[in-house]
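Written below as structure tokens is the structure these notes are about.
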Protein chains: 2
Amino acid sequence: MRTPDELTDLFRSTGRKVTPQRQCIFSVLYGDVTHPTAEAVHAAATAHMPTISLKTVYQTLHDLSELGEITTLDLGTGTARFDPNVDDVHHHLVCRECGKVRDLDLEFPDVRIPAGSELGFEVGSAEIVFRGRCHECAGATS
Amino acid sequence: MRTPDELTDLFRSTGRKVTPQRQCIFSVLYGDVTHPTAEAVHAAATAHMPTISLKTVYQTLHDLSELGEITTLDLGTGTARFDPNVDDVHHHLVCRECGKVRDLDLEFPDVRIPAGSELGFEVGSAEIVFRGRCHECAGATS
DNA sequence: TGGTGGTCAACAATGATTGTTGATAACATG
DNA sequence: CATGTTATCAACAATCATTGTTGACCACCA
Ligand SMILES: [Mn+2]
Ligand SMILES: [Mn+2]
Ligand SMILES: [Zn+2]
Ligand SMILES: [Zn+2]
């Protein structure tokens, strides 16, 4: 994801208007590595702008996703997660207990995309999801 | 997944009651390779038993999942998919257009589960999801 | 400085899934 | 087979994340 200032320009140049709410969301997301839910983004934004609505958060996340500035992840935790790290290909570790998501910056050369003709399926992307228990949850219970 | 008859015994031996509705769902799921949604299972069951309710389908799917006879898949298509193929480790191809799910019976030795200590994360499982376009959708549009 | 059209936030609706409940059916026991 | 106990059925309502609607408001261009 680009910097909040660059996103301001990008929104203007793509015919979108720039509002304080949107800029607030830009700065909340910038550098965030927690893969927040829409609720979490809203909570963080509310700290700076108490009246911002959850709908506005959803709208802006949708716009950012459309522009390719963030990725929407459905990792089976019940709610969508948003990832501003779109520049590096990476995979994810998901805690089965608390739902926390961490990046895994490893490459898996084996996971080659098979040619479409051999499968009857044109493959466009491959995601690997590792599920387990995060450090905090492992420490909490025996 | 075991045969409907074996499932009947399994349900009885685990203190669950066997009803015609449940047996109907057993036979609908047995040998199904389409990774159906709860709605799809309900539709197939309704063909044999018009009065069966969607709630009963959810309940039975939940029981089968608890017993390890089926797997519940959340592949980001908005609805859960149910997979009676629990004996072979395999991965999935998901059509971005129609949501169809196909098995991919390949092994990826590269996708080794990293040791927990190096990551601060105890990894239990790894799933690979390939997204793209199925044969039918590729043929339909140019 | 308007005018125009996009955005805001409150409210209501959606769709998948789950909770509740009275009536009904399965199972063990005799 | 009769009988009581307990689980299940299916209709109904509730939940949760997300999306649609709408009137008031604000950003941008001439
Ligand atoms: Mn990430
Ligand atoms: Mn499968
Ligand atoms: Zn955790
Ligand atoms: Zn398709």
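Just the heavy atoms: all of them, side chains too, but no hydrogens, waters or symmetry mates, feed the values below. Proteins come first, then strands; the chains are lettered A, B, ... in the order of their sequence lines, and each starts at number 1.
- Here the nucleotide nearest the side chain of Y58(A), chosen from dA17(D), dT18(C), dC28(D), is dA17(D).
- In this model, no donor atom of one side chain and acceptor atom of the other lie less than 3.5 Å apart for T3(A) and D5(A).
- Side chain of K17(B), nearest nucleotide from dA7(D), dT17(C), dT19(D): dA7(D).
- When only modelled atom types and interatomic distance are considered, T37(B) and T79(B) share no side-chain donor-acceptor pair under 3.5 Å.
- With distances taken from any side-chain atom of A80(A) to the nucleotides dT18(C), dT18(D), dC8(C), the minimum falls on dT18(D).
- No donor-acceptor contact under 3.5 Å links the side chain of K55(A) to the base of dT7(C).
- Listed nucleotides dC9(D), dC27(C), dT7(C) differ in distance to R16(A); the shortest reach to its side chain belongs to dT7(C).
- If you check dA9(C), dT19(D), dT7(C) against the side chain of I52(A), the one that comes closest is dA9(C).
- Using a 3.5 Å distance cut-off with no hydrogens or angles, the side chains of Q21(B) and T60(B) do not pair a donor with an acceptor.
- Rounded to whole angstrom, the span from the CG atom of D63(A) across to the C1' atom of dA27(D) amounts to 15 Å.
- Checking the phosphate oxygens (OP1, OP2) of dC9(D), a side-chain nitrogen or oxygen of R22(B) falls inside 4.0 Å.
- Relative to the side chain of T56(B), the nucleotides dT18(D), dA9(C), dA10(D) differ in distance, and dA10(D) lies closest.
- Checked against dC28(D), dT17(C), dC9(D), the side chain of Q21(B) finds its nearest nucleotide in dC9(D).
- Among the protein residues, T51(B) comes within range of the sugar-phosphate backbone only, with heavy atoms under 4.0 Å from sugar or phosphate atoms but none that close to a base.
- Taking every side-chain heavy atom of V18(A) into account, dC28(D) is the closest of dA17(D), dC28(D), dT8(D).
- Closest-nucleotide positions on DNA chain C for T19(A) and P20(B) were compared, and the one nearer the 5' end corresponds to T19(A).
- Taking 4.0 angstrom as the limit, Q59(A) places a side-chain polar atom (N or O) nearer than this to OP1 or OP2 of dC8(C).
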- request: Test D83(B) against H35(B) for side-chain hydrogen bond (donor to acceptor under 3.5 Å, both in side chains), laying out the working first.
  value: CA-CA 5 Å; D83(B) 193 346; H35(B) 306 83; 3.1 Å; yes
